[in-house]
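Taking it in order: structure first as structure tokens, then the write-up.
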Number of protein chains: 2
Amino acid sequence: MAEDQLQSFLNRCREHGLKITPQRTAIYEMLCGSRKHPTAEHIYAEIRNSYPNISFDTVNRTLKTFAEIGLTGVVEGHGGPRRYDPNLESHHHIHCVRCREIFDFQSDELDNLEIPPEIKQEYRILNKRVVLNAVCRRCRRRSHIKKQRQKKGASNEQD
Amino acid sequence: MAEDQLQSFLNRCREHGLKITPQRTAIYEMLCGSRKHPTAEHIYAEIRNSYPNISFDTVNRTLKTFAEIGLTGVVEGHGGPRRYDPNLESHHHIHCVRCREIFDFQSDELDNLEIPPEIKQEYRILNKRVVLNAVCRRCRRRSHIKKQRQKKGASNEQD
DNA sequence: CTCGGTGCAAAATGTTTGCAAGTAC
DNA sequence: GTACTTGCAAACATTTTGCACCGAG
């Protein structure tokens, strides 16, 4: 594992009060070495070669923890149920990371963005879309209200 | 349901030899009426109000069928397991619709694309990415080989 | 009438939770 | 020594499969 990756691993764990265990180190190393946007199952299968006694749960939970503290991203395929979109026109998506709702937006400019020619040559492109991760207005407002109430020292915190 | 939607529903079904059943009609209508990128569960819950005896399986299978014949799209969240990506630098994704692999690519131009100001105002943007649906080189080659063999009338077709 | 569709049940796959024992700090 | 982590098992959620009956064409 590259030196800087190791450092960011150690730092992030310490920042969040997570212990450095051999399992976590091995999982992080395996994750960084993979170019395949792996699932927990992938990592588990690979890691067993060098670490035969690790459990699947540890891999699964650790990856989730890594995502929560920002050590790794989660790509399109977040483990939830399949979602359909009847709108077949070109459009773009905003995923609210809080409420997980997906919002559409239109933009002629983004519809016409140019894909690099070497990509067009190697892949047969069927569809292109800009995907934003964001916090939607409602969720922004919700967290704002929450902060207000915390400042006031509200003791009847619900939800 | 809008007239043109109904027509494209009827046409697609006929093209693919699918029967027009009241369940399918109701599901398609519900799907088109939803702005929420619904799951099968969502559609099922709504549709039961007007059609109490429909089964969840019918909804689930029908939606999948609709996606297969191109009546609806499937958005990011395709029902598979969660996938991780340790690369935290800005980059873009190509999803192969055949083998489901995800490939990264870089593009300074795409990194700098402008999000419409009204969107930036309404949402707090955390991350932006271009996502392409495509067929990767390997899968293109595979289907090419398959066609070649079909032309030759190969009788020893293996998977 | 026939074949594909529906509804139900069970299996398969993936994710989350609870808890006792182990270990980093 | 303490609190967090691990490994295991069970619960839960979602998708897929098999099959008898039903209904659109």
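Here is how names work: the chains are called A, B, and so on, in the same order as the sequence lines, proteins then strands, and each is numbered from 1.
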Protein-nucleotide distance ([X], atom [atom1]; [N], atom [atom2]), rounded to Å:
X	N	atom1	atom2	answer
Asp57(A)	dT17(C)	CG	C1'	10 Å
His78(A)	dT14(D)	NE2	C1'	16 Å
Arg61(A)	dG7(D)	CZ	P	9 Å
Asn60(B)	dT13(C)	CG	P	16 Å
Phe56(A)	dT16(C)	CZ	P	10 Å

Task: Those residues of residues 8-26 of chain A lying under 4.0 Å from DNA chain D by at least one heavy atom - done: Leu18(A), Lys19(A), Thr21(A), Gln23(A), Arg24(A)
Task: For DNA chain D, the residues among residues 33-54 of chain A that have a non-hydrogen atom under 4.0 Å from it - done: Asn53(A), Ile54(A)
Open item on the list: Salt bridge check, Arg83(B) against Glu76(A): does any charged N sit closer than 4.0 Å to a carboxylate O?
Closed with: no
- [ ] If the plane angle is over 60° it's perpendicular, under 30° parallel, otherwise tilted; pick one for Phe103(B) and Tyr123(A).
- [x] tilted
Task: His78(B) and His95(B) aromatic ring geometry - parallel, tilted or perpendicular at 30°/60° bounds - done: tilted
TODO: Would you sort out whether Thr58(A) and Ser55(A) count as a side-chain hydrogen bond (donor to acceptor under 3.5 Å, both in side chains), showing the intermediate values?
DONE: CA-CA 5 Å; Thr58(A) 298; Ser55(A) 81; 3.1 Å; yes
Determine whether a donor-acceptor pair (N or O, by modelled atom type, separation under 3.5 Å) exists between the side chain of [X] and the backbone of [Y].
X	Y	value
Thr72(B)	Asp85(A)	yes
Arg24(A)	Cys13(A)	no
His92(B)	Val130(B)	yes

TODO: Answer yes if the ring centres of His42(B) and His37(B) are under 6.0 angstrom apart, and no otherwise.
DONE: no
Task: Residue Pro81(B), side-chain heavy atoms: nucleotide from dT15(C), dT16(D), dT17(C) that is nearest - done: dT15(C)
Task: Per Thr58(B) side chain, nearest of listed nucleotides dT16(C), dG7(C), dT15(D) - done: dG7(C)
Open item on the list: So for atom CD, which belongs to Glu109(A), do other residues, nucleotides or ligands contribute more than 12 heavy atoms lying within a distance under 6.0 Å?
Closed with: no
- [ ] Answer with base, sugar-phosphate or nothing: what part of the nucleic acid does Arg82(A) contact at a heavy-atom distance below 4.0 Å?
- [x] sugar-phosphate
